[in-house]
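All figures in this text were calculated on a predicted structure; none of them were measured in a lab. Below, chains carry the letters A, B, ... as their sequence lines are ordered, and counting in each starts from 1.
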2 protein chains.
Amino acid sequence: MNRYSAKEELILQAAEALFLTKGYTNTSTTEIAQKAGCNQALVHYYFRTKENLFQQIFIKKVMSLFAEFMKTRPAGMDFTESLRERMGMYFDFIEANKQLPFMVINELAANLERRQAFCEELRTNPIYTQLYRQFDDEVQREIQAGRICPIDTTDLYMDIISLTICTFITLPTYRVLLQFDNEAEKQYIRRRKEELITTIQKRLRP
Amino acid sequence: MNRYSAKEELILQAAEALFLTKGYTNTSTTEIAQKAGCNQALVHYYFRTKENLFQQIFIKKVMSLFAEFMKTRPAGMDFTESLRERMGMYFDFIEANKQLPFMVINELAANLERRQAFCEELRTNPIYTQLYRQFDDEVQREIQAGRICPIDTTDLYMDIISLTICTFITLPTYRVLLQFDNEAEKQYIRRRKEELITTIQKRLRP
DNA sequence: AGCGTATTTAATAGGTTTATTAAAATTGGC
DNA sequence: GCCAATTTTAATAAACCTATTAAATACGCT
């Protein structure tokens, strides 16, 4: 079941929400405690240090982000179809976790140690290496069969995450700049999703 | 000439380097003073507040980023050619200012007031509105002439900055992950630049 | 040389932050 | 219903950060 106590869970949730929206430095343990409805000392009682608490949330979240795209290819589809499917899923996942890209970018870019720990995990954990290899194999097969044009798998992956992530990274600014109301924003996001899929499909045409 | 005194200039430089790499919150005025080789009080003497100092650097930098792409179309080229040229220039500009995207993302996303001030500037300053309108006109003309396929100008612009910026946002991580040495990194960046141009050109094909 | 202004510093007030400690409250087993 | 372990709190130490103030130093001008 749940290896966390109720309060511990509340603290984790509060911390996650705050770290995601405000980043590591801008979030204080006092604030986390407040949001979780407990004393600040309790945060340290359960997690000892702020860094510790952050790591637990960070690793979990970031890995889910990476794994989302590399998910096993849905059965009974050709590559192009399944890629479209996966891009859609990835895009939706980030839409549902709009703040995640910010946290990842901030913490990975700002902190060498965290970056190294993260890369170490990515390089050594067979879950991720296998997922990547599998995706790469698919791409190579399609290229050899002439169904898509030659492209480096890294580039393809980068293109997809770039177009996805930047949509949400620029969103807060676009919201102000283009004066989105709720409906306009939804529509914009839908359009960006279409644009992502179109662009990648055209990119892959032989 | 230079309206800054020598020490003032040193402080600005130190602050710029630090804000760019570590962000606003993670940089202290003490640190800036240290790097500039002066007393911490001097930072406040010249710029009164840390926020003030930051603004001066931020506005200048961000506006140069936006303006770079919208530069007037180089003469004697057709649109496709000139677009390629401009994408190259934009990419190179960001390569020469690798840290800039981080600062922009962080500060615009994290701080509503800054975002509003920035958007206000972008919306009202004729330099930027004109540059954008001009680019939009070009795109419309090309579409009507059937030389490129229909696309929303906002989408086209977003695609370009996405592919450019994400290259450098992920770079610190890729550096560790793919264990780049100097040469490998350069090569990777060159490849990403090609990929950007290829992808956009294919995207625009009728 | 000497006065007045601009620059630079040391010292410090006032605030916030993380982390610890010791005591109080709560819970579950018997 | 009491004891012991767990959970929670209040209080506070120690570090650090921004901003200010008043004093010291350098500088330009006559």
Does this structure show an ion pair linking K61(B) with E16(B), if we count only N-O contacts that are shorter than 4.0 Å?
yes
Interface with DNA chain C, restricted to residues 11-24 of chain A and to heavy atoms under 4.0 Å:
none
Is it true that D136(B) and R141(B) have a side-chain N and a carboxylate O under 4.0 angstrom from each other?
no
N26(B) CG - dC16(D) P separation (whole Å)
15 Å
At under 4.0 Å between heavy atoms, what does T25(B) touch on the DNA or RNA strands: base, sugar-phosphate, or nothing?
nothing
Can you name the residues that form a side chain to side chain contact (heavy atoms under 4.5 Å, CB included) with D181(A), not counting sequence neighbours?
E183(A), A184(A)
R115(A) side chain vs L108(A) backbone, donor-acceptor pair below 3.5 Å:
yes
Where the side chain of K50(A) meets the backbone of Y24(A), is there a donor-acceptor pair that is under 3.5 Å apart?
yes
Could you state the CD-C1' distance from E9(B) to dT7(C), rounded to the nearest angstrom?
16 Å
Stretch residues 36-51 of chain A: residues that reach within less than 4.0 Å of DNA chain C through a heavy atom:
Q40(A), A41(A), H44(A), R48(A), T49(A), K50(A)
Aromatic F91(B) / basic R86(B) pairing, under 6.0 angstrom, 45° off normal
no
Rounded at 0.5 Å granularity, tell me how far CE in M158(A) sits from OG1 in T153(A).
13.5 Å
Measure NZ/K7(A) against P/dT27(C) and give the value in whole Å, please.
10 Å
Check K22(A) with E31(A), please: is the shortest side-chain N to carboxylate O separation under 4.0 Å?
yes
Using whole Å, report how far CD of E31(A) lies from C1' of dT18(C).
14 Å
